[in-house]
Amino acid sequence: MKKKDLILIGIILLAAAACWAGFRMFGEQKGNMLVITVDGEIYGTYDLSVDQEIVIGSTNRCEIKDGVVRMTEADCPDQLCRKQKSIDASGGTIVCLPNKVVLEISQDGRDAQADTIAQ
């Protein structure tokens with residue numbers, strides 16, 4: 001290997017390290033809030049770090065435990081919302097169509113509010 005080959009390999013490694021650091025710092029932003037909307041209106045925002053059970057009107061119930069959110073009860077006939085995968089800080093949405101309930105992870109609670117207002 002020549003000196004120029006080693007310099008080229010070094011430059012490629014530095015560029016790869018810079019890209020990796022950039023993705024780690026500015027890449028996927030995790031959410032820390034659960035935003036619940038019912039029929040397009042914000043029902044409430046909840047911190048994922050606080051374990052709690054939330055009663056949503058008289059139709060649904062969800063649970064935040066160890067930063068993970070899941071629908072625990074629903075009075076809809078198909079129960080698909082209860083069968084949906086749990087969501088956490090990495091993002092996600094749980095929807096109960098018959099009851100028009102949406103559980104959504106947000107960075108600070110404002111993202112989902114802006115989306116709801118825009119609709």
Side-chain angles (χ1 to χ4, degrees):
M1 293 184 94
K2 297 183 180 180
K3 185 176 181 179
K4 290 183 181 181
D5 293 334
L6 294 175
I7 292 173
L8 178 63
I9 290 171
I11 290 172
I12 291 171
L13 289 175
L14 283 174
C19 288
W20 177 80
F23 283 123
R24 294 283 292 171
M25 290 174 57
F26 303 109
E28 177 184 327
Q29 295 188 359
K30 297 186 177 209
N32 59 355
M33 299 294 289
L34 169 66
V35 179
I36 300 175
T37 56
V38 178
D39 199 16
E41 300 291 322
I42 294 180
Y43 182 82
T45 51
Y46 304 89
D47 192 341
L48 290 179
S49 64
V50 179
D51 290 355
Q52 58 188 310
E53 187 173 72
I54 303 157
V55 177
I56 307 164
S58 62
T59 60
N60 295 68
R61 184 181 302 249
C62 72
E63 175 185 57
I64 301 173
K65 187 171 183 180
D66 300 326
V68 177
V69 181
R70 65 186 187 95
M71 189 74 76
T72 56
E73 291 181 26
D75 69 357
C76 55
D78 58 11
Q79 297 288 302
L80 290 177
C81 55
R82 292 187 59 231
K83 297 173 187 172
Q84 290 180 33
K85 180 180 156 192
S86 299
I87 56 177
D88 58 17
S90 62
T93 304
I94 297 175
V95 179
C96 181
L97 282 176
N99 296 328
K100 300 179 183 177
V101 174
V102 178
L103 310 180
E104 182 178 16
I105 301 298
S106 173
Q107 180 69 22
D108 58 5
R110 288 187 230 151
D111 299 340
Q113 290 176 5
D115 290 346
T116 302
I117 292 168
Q119 294 175 356

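We number each residue from 1, following the sequence as shown. Note that the coordinates shown come from a computational prediction; the quantities given were computed from them, not determined experimentally.
- Residues I36 and C62 meet the side-chain proximity criterion, which asks for heavy atoms closer than 4.5 Å.
- The minimum heavy-atom distance between R82 and A74, with the atom names listed, is CD-N, 3.8 Å.
- Here the closest non-hydrogen pair linking I64 and L48 is CG2-O, 3.5 Å.
- I105 is not listed as a side-chain neighbour of D88, based on a closest heavy-atom distance of 4.5 Å or more.
- In the hydrophobic cluster analysis, where Ile, Leu, Val, Met, Phe, Trp and Tyr join through side-chain heavy atoms closer than 4.5 angstrom, Y46 is grouped together with I56.
- Atom-to-atom distance recorded for M71:CE and I87:CD1 is 8.5 Å, nearest 0.5 angstrom.
- Interatomic distance, OG1 of T37 versus NZ of K100, reported as 12.0 Å (0.5 Å rounding).
- In this structure, the side chains of E53 and R61 come closer than 4.5 Å at one or more pairs of heavy atoms.
- In this structure, the side-chain contact (heavy atoms from CB on, under 4.5 Å) partners of T93, at least two apart in sequence or on a different chain, are V95, V102, E104.
- In this structure, the separation between CG on D75 and OG on S58 is 6.5 Å, given to the nearest 0.5 Å.
- Atom SG of C96 and atom CD of E73 lie 12.0 Å apart (nearest 0.5 Å).
- Between the D66 side chain and the V68 main chain, no donor and acceptor come within less than 3.5 Å of each other.
- Closest approach of L103 and L34 over heavy atoms only: CB-CD1, 3.8 Å.
- Using a 4.5 Å cut-off between side-chain heavy atoms of Ile, Leu, Val, Met, Phe, Trp and Tyr, with links allowed through other members, L6 and L13 fall into the same hydrophobic cluster.
- Here NZ of K85 is found 15.0 Å from CZ of R70. Values are rounded to the nearest 0.5 Å.
- To the nearest 0.5 Å, atoms OG1 (T45) and CE (M33) are separated by 4.5 Å.
- With contacts defined as side-chain heavy-atom distances shorter than 4.5 Å, the pair V38/N60 does not qualify.
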